[in-house]
Amino acid sequence: MADKQFVKEIADINVDFPQWYTDVVLKTQLVDYGPIKGTMVIRPYGYAIWENIQKELDARFKATGHQNAYFPMLIPQSLLNKEAEHVEGFAPEVAVVNVAGGEKLAEPCVIRPTSETIICSMYSKWINSYRDLPLKLNQWANVVRWEKTTRPFLRTSEFLWQEGHTIHAIREESLAETLDMLHLYHDFARDVLAMPTFIGQKSEKEKFAGAEATYGMEAMMLDGKSLQAGTTHHFGQKFSKAYDIQFLDKDSKHKYVWQSSWGVSTRLIGAIIMAHGDQRGLVLPPKVAPIQTVVIPVAAHKAGVIEKAAEIAEVLKSCGIRVELDVRDQSPGWKFNEWEMKGVPVRIEVGPRDIEQGVVTFSRRDTCEKATMPINGIAKSVAVLLDDIQTKMYEKSLAFRDSHVKLAHNMDELGKVLDDKCFAKVVWDKNPACEALFKEKFQATVRVMLDEKPFQNVCACCGHKSDDLVVALVARAY
RNA sequence: CGAGGUGUAGCGCAGUUGGUAGCGCGCUUGGUUCGGGACCAAGAGGCCAUGGGUUCGAAUCCCGUCACUUCGACCA
């Protein structure tokens with residue numbers, strides 16, 4: 001139910017952004033807290049967003065030659081332990097099952113924090129020849145990571161995600177896959193989530209436990225902080241050596257496979273909320289909105305109003321638009337606020353005045369502008385409107401982001417840029433000591449931008465010259 | 001794990017110097033309404049987080065525990 005109090009509370013989105021976020025996800029009924037701390041229950045309205053994300057992403061995976069599969073949730077501890085860096089990275093946050101069927105297990109098993117280990121162990125059985133490669137699998141699953149502090153969607157003890165795991169005969173191919181998927185995520189965020197992102201490489205310190213290189217996609221939230229919205233990893237042969245995934249190549253030699261993995265999670269829903277939301281609540285991009293258009297009869301007791309509203313809803317539905325007819329016994333204004341809070345992109349009002357003139361009144365959620373459109377050809381008009389909202393939302397986000405990215409030539413400038421709630425681009429010599437300083441002084445993380453030329457000849461942090469200067473994105477992150 | 005904050009009706013909160021429980025929203029029923037959060041009437045709903053003290057008497061004072069939450073450190 002809509003909540004009058006809530007609308008007052010969220011009136012100023014900038015006062016306490018994290019609190020605004022938490023209120024929005026709870027009060028728009030996307031999620032509820034689970035009985036175990038740090039877990040969330042995804043309610044139907046929230047889950048429908050995830051389903052739309054899944055559908056769109058899955059189509060893109062299939063189109064690039066990936067197949068879906070499923071691997072067990074429980075993993076023998078010994079299996080997890082095979083790759084040293086991987087264990088070390090995940091050990092603090094795995095949940096372990098010691099008892100099952102009323103008896104203590106001979107070997108404890110862990111609940112997957114990610115599935116590299118189980119998938120690699122199967123790959124080693126399945127792969128014999130270069131003819132078996134490449135193998136490009138994806139899994140839609142839940143994983144458990146016992147995080148210290150949690151927040152709905154952004155960090156929960158259990159979350160839903162997809163994890164792709166591919167193996168290849170040659171290094172160039174697995175590396176290309178890693179970068180291709182990074183770009184696939186980037187395009188997906190742009191086209192479906194209406195969200196511009198930066199793609200870049202993570203530092204040695206921040207890369208995935210067991211990876212040779214980790215890449216990330218960073219989205220800018222409305223408070224100027226960064227949210228990692230997806231990652232891809234290049235494993236090289238680290239896992240294939242640990243799990244013995246070998247194939248017989250054309251030259252009759254046994255070789256280890258080259259491997260990539262990549263994933264996005266329900267965190268994307270959090271990203272949508274914090275990148276597009278406003279004082280009234282959610283603003284959902286039409287492509288992921290569970291309800292794209294809500295039809296609200298006005299003065300519903302008058303003859304013919306409900307019938308006309310139902311007829312319009314039916315027309316829209318038959319044209320593939322996700323539509324809801326709201327005939328609940330509430331005042332129109334109440335419904336307007338409720339659906340605005342829930343982020344429905346287009347609202348259509350059908351009242352006696354409209355019907356008389358052969359039009360409907362509509363309001364678009366992204367701008368809250370109100371106008372009328374003819375009932376004739378309404379399905380086409382709404383489809384065009386939804387496309388326009390999708391486009392405008394991206395343009396708005398892009399403009400916001402571009403105006404919040406600034407160059408910083410030294411540490412003083414960097415501090416100012418970050419305090420200004422902006423992302424900074426700096427030139428960096430890749431020295432871990434500088435990275436540590438970014439973190440210590442500004443609580444900021446770095447991503448190495450791909451294909452960008454340094455705009456000065458010294459590191460912004462230490463001032464040293466170097467042959468290996470890169471442009472890095474420095475931001476405070478969630 | 002460190003520092004704050006909060007636990008009273010489904011939600012948001014009052015509750016005075018200790019005297020046995022209130023408000024708003026929501027919910028139920030009936031009626032009138034309906035173009036930006038309508039109105040009237042009648043209802044239902046509480047072991048005041050929990051364990052111990054102090055007291056004739058505790059939501060209120062004291063000590064402990066637990067839960068939630070915000071900010072740090074760690075991570076998708």
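Chain identifiers are assigned alphabetically (A, B, ...) following the order of the sequence lines, protein sequences preceding nucleic acid strands; residue numbering begins at 1 within each chain.
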Residue [X], side-chain heavy atoms: nucleotide from [options] that is nearest:
X: A/Trp334; options: B/rG72, B/rG37, B/rC34; result: B/rG37
X: A/Phe336; options: B/rU33, B/rG35, B/rG36; result: B/rG36
X: A/Ala299; options: B/rC34, B/rC74, B/rG36; result: B/rC34
X: A/Lys439; options: B/rG35, B/rU70, B/rC74; result: B/rC74
X: A/Tyr33; options: B/rU69, B/rU70, B/rG37; result: B/rU69
X: A/His301; options: B/rA38, B/rU70, B/rC34; result: B/rC34

Could you check B/rC47 for me: syn (within 90° of 0) or anti?
syn

Syn or anti for B/rU20, taking syn as within 90° of 0?
syn

In whole angstrom, give me the gap between the [atom1] atoms of [N] and [M].
N: B/rU6; M: B/rC62; atom1: P; result: 14 Å
N: B/rG15; M: B/rU20; atom1: C1'; result: 13 Å
N: B/rG19; M: B/rC13; atom1: C1'; result: 24 Å
N: B/rA3; M: B/rA73; atom1: P; result: 16 Å
N: B/rC66; M: B/rU54; atom1: C1'; result: 23 Å
N: B/rG12; M: B/rC27; atom1: C1'; result: 15 Å

Treating A/Thr266 as the side-chain partner and A/Phe153 as the backbone partner, does any N or O pair qualify as donor plus acceptor under 3.5 Å?
no

Checking only heavy atoms, does the side chain of [X] share a donor-acceptor pair with the base of [N] at less than 3.5 Å?
X: A/Thr361; N: B/rG35; value: yes
X: A/Glu349; N: B/rG36; value: no
X: A/Arg280; N: B/rG37; value: no
X: A/Lys370; N: B/rG36; value: yes

Partner of B/rG43 by Watson-Crick or G-U wobble geometry, both contacts under 3.5 Å, or none?
B/rC27

Does B/rA21 pair with anything, Watson-Crick or G-U wobble, both distances under 3.5 Å, and if so, with which nucleotide?
none

Cationic N near anionic O, under 4.0 Å, A/Lys342 to A/Glu340
no

Please state whether the rings of [X] and [Y] are parallel, tilted or perpendicular, taking 30° and 60° as the class boundaries.
X: A/Phe239; Y: A/Tyr243; value: parallel
X: A/Tyr478; Y: A/Phe17; value: tilted
X: A/Phe208; Y: A/His86; value: tilted

When you check the side-chain N and O atoms of A/His234 and A/Gln201, is any donor under 3.5 Å from an acceptor?
no

Counting the atoms with a prime plus P, OP1 and OP2 as sugar-phosphate, which does A/Phe153 contact under 4.0 Å by heavy atoms, base, sugar-phosphate, or nothing?
base

Here's a test of your reading of the structure: between A/Ile355 and A/Pro18, which maps to the more 5' nucleotide of RNA chain B?
A/Ile355

